[in-house]
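Taking it in order: structure first as structure tokens, then the write-up.
Just the heavy atoms: all of them, side chains too, but no hydrogens, waters or symmetry mates, feed the values below. Below, chains carry the letters A, B, ... as their sequence lines are ordered, and counting in each starts from 1. Predicted, not measured: the structure shown is a model, and the values here were computed from it.
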Amino acid sequence: MANTPLTPLEHELATLIIDTLELEDVTPSDIAPKAPLFGEGLGLDSIDALELGLALQKRYGIKLDNDAEDNREHFASLSSLAALVETRRVS
Amino acid sequence: MIMNAPSASDVELLNAPWRSQDPSRIVAYAPDRACTLKALHARIAAWQTVPCNPEQPIALFEPNPWEFTCALLACWHLGYRLWLPGDNRPETVERLTAKGALLIGTLPGGWRPLDNAPQSVRWGELNQDAIAVELFTSGSSGAPTRIAKTFAQLASETDVLARTWPLAEGVVISQVSHQHIYGLTSAILRALCEQRPFSLATCSYPETLAQYLEAMPVSALISSPAQLERLPTTLGATSYRIAQIYSSGAPLAKSSAEHAEHLLKASVIELYGSSETGGIGWRRQHQASDWTVLDDVEIKVVDDLLQLRSPRLAQPTQWLMHADRVALHDSHHFTLLGRADRIAKIGGKRVSLEGLARHLEHQPNVLRAHCVEIDHSGGRIGALVQLDAAQLPHDHATRRALIMALRDHLGQAFEPVVLPRFWRFVEDWPVNAQGKLTQMTIARLFADLDDRKRPRWLGERFNTPEQVTITLEIPERLAQLNGHFPARPIVPGVVIVQWASALATELFGCDAWHTLERIKFPLPLVPGERTIMTLIRSSATRIDFKLESRHGIHASGRGLHNSLPLPQATMPRGGNAHV
């Protein structure tokens with residue numbers, strides 16, 4: 001299902017997701033850049049969103065805004081997450 | 001003693017009937033003495049000198065029923081916040097102290113009034129919506145959970161029992177702790193409300209019980225399976241005057257119910273409920289093995305699980321899911337199918353682990369399922385699933401597809417956060433010699449989560465005492481895959497040999513291998529693969545090993561070790577041997 005190769009940052013984020021959330025049946029190559037991370041696609045849930053927010057802050061110093069709609073878009077897929085990290089990373 | 005049947009409002013807990021009755025009424029009995037209501041009031045006044053500020057919770061642990069009752073009523077009428085710990089173990093005391101509670105009773109350093117106070121009792125009103133007590137029950141994880149009960153909830157409990165089986169004349173004798181809801185309501189509060197004396201000792205043991213039974217007519221014996229299943233036949237030598245026996249805590253074996261009825265010449269009423277729900281139903285096995293709901297309880301069954309609504313719930317208008325599986329006969333009768341009582345809380349969502357497992361078993365290929373809470377990733381569900389050999393996932397892709405299908409199926413009935421995150425697929429249900437799936441086995445099945453260097457253990461089988469096969473899955477996040485190799489991870493051969501050596505030590509009790517011979521790695525081993533490790537003890541100093549998957553052999557060879565000190569060391573471990 002994941003035919004498009006991941007960019008180095010996307011690969012790094014996929015690994016971060018897998019390690020943070022302890023996904024044991026997923027490898028980075030299972031995650032397509034545009035596939036939804038939550039719900040249908042990877043099947044992440046609301047707790048995962050919180051965990052992921054923390055991990056992004058820890059790894060890249062990214063502070064998420066209070067705008068839920070914005071955050072939903074940032075967390076939509078691996079590539080949107082990569083875009084967020086590109087523009088907002090401080091470390 | 002002269003006792004007329006009290007009228008309905010007199011027995012109402014909220015009216016505190018113990019306030020205004022005849023001061024000379026006997027409220028508690030021992031074989032050698034009796035205590036009056038006047039004495040009770042004096043002792044309540046003494047307990048009311050407790051040095052506590054109104055905001056501070058009071059933790060009361062007091063095995064003596066008299067002192068307990070006086071302390072309880074003292075705090076109630078002062079409007080203090082009262083906790084009833086289930087025990088006085090050091091960890092419990094530490095926890096209570098850490099939460100800022102004032103300890104009273106027989107807890108270490110617990111406050112107790114020395115003498116009767118000169119002052120009279122301050123009779124504050126009991127507000128039905130106020131919290132009367134907070135009880136502690138052991139949750140599924142083993143950590144105690146606190147359950148708050150309002151006066152209205154407790155009153156509902158004493159009311160329904162008084163309405164269904166008004167207490168006959170005589171003493172209420174208890175064999176159970178009043179620190180828990182059943183003993184509190186049945187042995188103490190009912191006796192106070194219905195104006196029957198309670199026993200001055202908790203008669204947990206048959207010797208004390210015999211002493212009490214010989215000395216007085218008994219209105220009710222408040223007991224539990226722990227006692228009733230261990231009644232000595234010597235008790236039957238004397239004829240006692242017992243009106244009714246109650247049992248609660250767990251279902252009573254039918255033979256024990258019959259034995260108790262025969263021995264003590266009284267009917268045994270079993271009460272069904274929990275700390276959380278209060279009383280739900282009852283049965284007398286002499287008449288029927290199914291349960292009748294109490295007259296103010298509504299029940300229904302959803303996915304085999306009992307749901308109920310009753311005035312004793314924290315939210316009386318809402319349906320509560322209970323983790324017990326039941327079969328409903330009509331709106332008032334049900335059979336308990338299995339006491340599950342396993343509720344997990346994931347991200348604040350409660351989920352029945354039995355409910356999840358039953359849903360998994362609805363899938364055509366799933367033979368059996370068991371769900372547990374796993375303390376990883378902030379607390380998630382792990383699922384153990386038995387499949388036909390042909391359906392077992394054999395590599396990363398098939399395992400991932402299977403998990404996605406099962407999660408999709410569960411997702412129709414459960415919220416995303418409670419869906420199992422960790423999956424273990426087995427061919428044989430990994431039970432011990434007693435046919436039980438043990439905590440130890442469950443720990444082994446998920447041990448790779450705690451130690452990232454381990455393969456995933458999925459069961460083992462001794463084909464002969466000298467030959468064992470172990471099913472191992474290669475975790476995708478195995479630590480030894482780091483850098484070996486980034487683009488195409490492969491398990492290093494040396495790691496497989498280490499696993500073989502460790503398993504040989506564990507299963508045959510031999511020393512670590514000092515020499516390796518004929519080691520071969522014919523096929524690379526990739527993460528996700530399901531493999532079988534075969535270990536054969538070919539001689540006292542040699543173990544042959546082989547690791548294979550459906551693709552073929554990944555590793556083979558032999559390890560030499562020092563000879564075994566004693567033949568006994570060859571016993572396979574108890575957990576999962578199919579000898």
Side-chain angles (χ1 to χ4, degrees), chain A residues 1-59 64 68 71-72 74-78 81-82, chain B residues 345-349 374-383 393 395-411 414-425 445-446 448-450 452 455-456 473-479 481-482 486-489 526-528 530:
Chain A
M1 82 186 236
N3 293 327
T4 330
L6 301 180
T7 66
L9 179 57
E10 284 169 351
H11 192 277
E12 184 179 308
L13 283 166
T15 309
L16 177 78
I17 290 171
I18 290 165
D19 285 343
T20 304
L21 308 177
E22 301 196 53
L23 305 179
E24 50 173 36
D25 53 316
V26 183
T27 58
S29 57
D30 290 321
I31 311 176
K34 301 281 182 197
L37 295 175
F38 291 81
E40 287 300 300
L42 196 56
L44 303 188
D45 56 48
S46 52
I47 314 268
D48 294 325
L50 295 172
E51 294 276 345
L52 207 49
L54 283 176
L56 289 175
Q57 188 178 0
K58 229 162 118 185
R59 173 80 69 91
L64 293 168
N71 292 339
R72 202 191 308 270
H74 295 318
F75 279 29
S77 68
L78 213 47
L81 211 49
Chain B
K345 216 167 185 183
I346 306 297
K349 308 273 184 214
I374 301 286
D375 191 18
H376 263 270
S377 196
R380 290 286 185 171
I381 305 286
D395 60 11
H396 172 77
T398 48
R399 184 164 189 274
R400 179 158 162 70
L402 176 63
I403 290 171
M404 283 174 83
L406 292 173
R407 278 178 58 100
D408 278 353
H409 168 71
L410 288 179
F414 295 89
E415 297 197 52
V417 295
V418 305
L419 301 183
R421 170 142 300 174
F422 308 112
W423 297 80
R424 300 294 178 264
F425 300 103
L445 286 161
F446 294 95
D448 60 291
L449 286 170
D450 291 311
R452 299 260 313 274
R456 194 172 289 145
E473 203 167 62
I474 312 305
E476 278 82 348
R477 298 171 60 233
L478 189 73
L481 295 172
N482 281 342
R488 188 163 193 272
V526 300
R530 189 182 184 93

**Asked** When rounded to the nearest 0.5 angstrom, what distance separates NE2 in B:H376 from CG in A:L21?
**Response** 14.0 Å
**Request:** Look up atom CD1 in B:I346 and atom CG in A:D45, then write down how far apart they are to the nearest 0.5 Å.
**Result:** 10.0 Å
**Item:** Contact class of A:T15 relative to chain B, heavy atoms under 4.5 angstrom
**Value:** neither
**Complete:** Checked B:D408, B:V417, B:L419 vs chain A; the most non-hydrogen pairs under 4.5 Å come from B:V417
**Message:** Between the side chains of A:D48 and B:R421, is the shortest nitrogen-to-carboxylate-oxygen separation below 4.0 Å, so that they form an ion pair?
**Reply:** yes
**Message:** Tell me whether B:R380 is salt-bridged to A:E22, with the criterion being a basic N under 4.0 Å from an acidic carboxylate O.
**Reply:** no
**Request:** Heavy-atom pairs under 4.5 Å with chain A are the metric here; pick the option from B:G411, B:P527, B:S377, B:P416 that has the most.
**Result:** B:S377
**Message:** For a 4.5 angstrom cut-off between non-hydrogen side-chain atoms, does B:E476 reach A:V26?
**Reply:** no
**Asked** Is chain A contacted by the side chain of B:D448, its backbone, both, or neither, given a heavy-atom distance below 4.5 Å?
**Response** side chain
**Prompt:** Tell me, do B:L449 and A:E24 make a side-chain contact under 4.5 Å, heavy atoms counted?
**Reply:** yes
**Prompt:** Which atom names give the shortest non-hydrogen contact between A:D19 and B:R477, and what distance separates them?
**Reply:** OD1-NE, 3.3 Å
**Complete:** Rounded to the nearest 0.5 Å, the CE atom of B:M404 sits from the CG atom of A:D25 at a distance of 8.5 Å
